[in-house]
Number of protein chains: 2
Amino acid sequence: MAGRTNKKVSEPIEAKSRREILDAAARLLRSQGYKATTLRDIAEEVGIRAASIYYHFESKEEIASTVMNEGVDWVFDAVTATLQHLPASAGINDRVTAAIAAHLNALHKHSDYTSAAMKSYADAPDPVRQLAREHRRRYESIWVRLIDDAVAAGATPPGVSSETLRLAALGMLNWSPEWYRAGRQSIDRLAAEFAAILLR
Amino acid sequence: MAGRTNKKVSEPIEAKSRREILDAAARLLRSQGYKATTLRDIAEEVGIRAASIYYHFESKEEIASTVMNEGVDWVFDAVTATLQHLPASAGINDRVTAAIAAHLNALHKHSDYTSAAMKSYADAPDPVRQLAREHRRRYESIWVRLIDDAVAAGATPPGVSSETLRLAALGMLNWSPEWYRAGRQSIDRLAAEFAAILLR
DNA sequence: CCTACCGATCGGTAGG
DNA sequence: CCTACCGATCGGTAGG
């Protein structure tokens, strides 16, 4: 309660601490998963005591859910905005290529959060998983429409169903944080190569 | 020690218990990762006490390493054998398609072990990770040669480097346990579709 | 945001 | 393969 007496003044500091906790949690959740990430680890990285985390969050589950869902939502927002701002003249090939680039850029820009969303999903408790699943599904629905359109337009490999192509695409994309390192090659170049694999 | 007095007679039973423990561990490691999988959970599934696991294994790390490395090695063996038994007349397209099918079949046949190898890698302790990395690298070297050959033969999408194509292929393949369910479609059909995406 | 602490649970050991 | 147990560590609470 002491920290709340001058709430107005300390609000920016609290917000900063909240983000610092989430950043530290994202880094740890990404590399260790849910169970292996302890509140004491997170607190130590931020420079506070474990119990003090409860001044900012209600539970470990709240922290993990926030990190994981923000990660997925950032990618959703990036891809949605990119597709919306494409000129009307853009064909389906342009749309798919732009979506791939936006996805990869968002994945890399917030890589701790987005990777945490994937790595922690397996061993997170049910309430965290269920929330995460909803955010995932919302994002994946973008790709359902996009790949359906591409297949209907005849822009994809012959004999490959829309569903297989979409799952192949998401596999390629979501596996990339396992190996992509910044200096390796530009993300836009990588996006162009991925598009060349999926389209023709 | 009581269990060892008549060692000759009880050996098959011990071997069975050992495999039962590994099977239970694989199932749990796959769905929960390393840290969240407890020796008590494993023991309960097998119908023994947690302490009795130490009659069969020296540590939790030994169990996890065995599961994870057997999973990767099964895939390695399956793909290696398939490529070796291909007729001399088989072209590079046939070789890649056969390797994809062998990989997917092995992945699905021992899905608890192979998925455990991927899901537990993130939060396993260093000794377990390092051993797992060696097995992975040995397997991936098959794909380095295979995809290099395919690119050199001009059988792949133009403008896509051998490295990107290999990482895209492994991403597609290794992501499939996330969504593949047995009745969905035959694995050979899926392999043909994956090959159609990667080759032309 | 802190100190002090709790009940639960973990991997592992002793000894049979 | 069992009972009994240990030290360490966890998420979380009390109270300030």
Side-chain angles (χ1 to χ4, degrees), chain A residues 1-22 24-25 28-29 32-67 120 123-129, chain B residues 1-22 24-25 28-29 32-67 120 123-129:
Chain A
M1 301 300 158
R4 294 217 142 151
T5 16
N6 51 356
K7 195 161 190 290
K8 292 263 164 50
V9 172
S10 61
E11 249 176 16
I13 294 175
E14 285 180 24
K16 183 185 167 239
S17 297
R18 199 180 150 88
R19 181 51 62 189
E20 275 179 18
I21 291 169
L22 290 173
L28 291 164
L29 288 169
Q32 302 179 332
Y34 182 88
K35 277 257 188 177
T37 298
T38 70
L39 294 174
R40 284 164 175 82
D41 288 343
I42 298 171
E44 192 178 10
E45 287 224 2
V46 180
I48 62 177
R49 297 286 179 175
S52 304
I53 288 182
Y54 289 88
Y55 181 74
H56 299 279
F57 295 93
E58 289 204 341
S59 66
K60 182 181 177 181
E61 294 190 8
E62 191 202 340
I63 297 174
S65 276
T66 305
V67 166
S120 302
D123 73 330
D126 269 338
V128 175
R129 287 171 69 101
Chain B
M1 298 298 160
R4 295 215 142 156
T5 16
N6 51 357
K7 194 164 192 293
K8 293 261 161 53
V9 173
S10 61
E11 250 174 16
I13 295 173
E14 288 181 21
K16 184 187 167 238
S17 297
R18 200 180 149 89
R19 181 52 62 190
E20 275 179 17
I21 291 168
L22 290 173
L28 291 163
L29 287 169
Q32 302 179 331
Y34 182 89
K35 279 259 188 174
T37 298
T38 70
L39 294 175
R40 283 165 174 83
D41 287 343
I42 298 171
E44 193 179 6
E45 286 225 0
V46 180
I48 62 177
R49 298 286 179 173
S52 305
I53 288 182
Y54 289 89
Y55 181 75
H56 299 281
F57 296 92
E58 288 204 342
S59 66
K60 181 181 179 181
E61 294 190 8
E62 191 202 343
I63 297 174
S65 276
T66 305
V67 166
S120 302
D123 72 331
D126 269 338
V128 175
R129 287 172 69 103

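In the text below, chain A, chain B and the rest are named by the order of the sequence lines, each starting its count at 1. These numbers come from the heavy atoms of this one structure, side chains and all, not from hydrogens, waters or symmetry mates.
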Using atom [atom1] of [X] as one end and atom [atom2] of [N] as the other, report the distance to the nearest whole Å.
| X | N | atom1 | atom2 | value |
| --- | --- | --- | --- | --- |
| B:Glu44 | D:dC1 | CD | C1' | 17 Å |
| B:Gln32 | C:dC10 | CD | C1' | 14 Å |
| A:Ile53 | D:dC10 | CD1 | C1' | 13 Å |
| A:Arg49 | C:dC2 | CZ | P | 7 Å |
| A:Ile42 | D:dT9 | CD1 | P | 17 Å |

To the closest 0.5 Å, what do you measure between [atom1] ([X]) and [atom2] ([Y])?
| X | Y | atom1 | atom2 | value |
| --- | --- | --- | --- | --- |
| B:His56 | B:Thr66 | NE2 | OG1 | 13.5 Å |
| A:Glu45 | A:Ile21 | CD | CD1 | 12.0 Å |
| B:Gln32 | B:Asp41 | CD | CG | 6.0 Å |

Legend entry - Worked check of side chain to side chain contact (heavy atoms under 4.5 Å, CB included) between A:Phe57 and A:Leu22: CA-CA 10 Å; A:Phe57 295 93; A:Leu22 290 173; 3.7 Å; yes

Just wondering, are more than 12 heavy atoms of other shown residues or ligands nearer than 6.0 Å to NZ in B:Lys35?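 Count not over threshold, so no.
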
Step by step, work out the side chain to side chain contact (heavy atoms under 4.5 Å, CB included) result for B:Tyr54 and B:Leu39.
CA-CA 10 Å; B:Tyr54 289 89; B:Leu39 294 175; 3.1 Å; yes

- Message: Take N1-N3 plus N6-O4 or O6-N4 for Watson-Crick, N1-O2 plus O6-N3 for G-U, both under 3.5 Å. Which runs of 3 or more such pairs involve DNA chain D?
- Response: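 Stem list for DNA chain D: C:1-16 with D:1-16.
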
Below 3.5 Å is the cut-off: list the nitrogen or oxygen pairs between protein and nucleotides 11-15 of chain D, distance only.
unit_1, atom_1, unit_2, atom_2, d
D:dG11, OP1, A:Thr37, O, 3.4
D:dG11, OP1, A:Lys60, NZ, 3.0
D:dG11, OP2, A:Leu39, N, 3.0
D:dG11, N7, A:Arg40, NH1, 2.8
D:dG11, O6, A:Arg40, NH2, 3.1
D:dG12, OP2, A:Tyr54, OH, 2.7
D:dG12, OP2, A:Lys60, N, 2.9
D:dG12, O5', A:Tyr54, OH, 3.0

Item to complete: May I ask you to decide if B:Arg40's main-chain N or O and B:Glu44's side chain share a donor-acceptor pair within less than 3.5 Å?
Response: no

Tightest non-hydrogen contact, residues A:Tyr34 and A:Glu61, listed as OH-CG, 3.2 Å

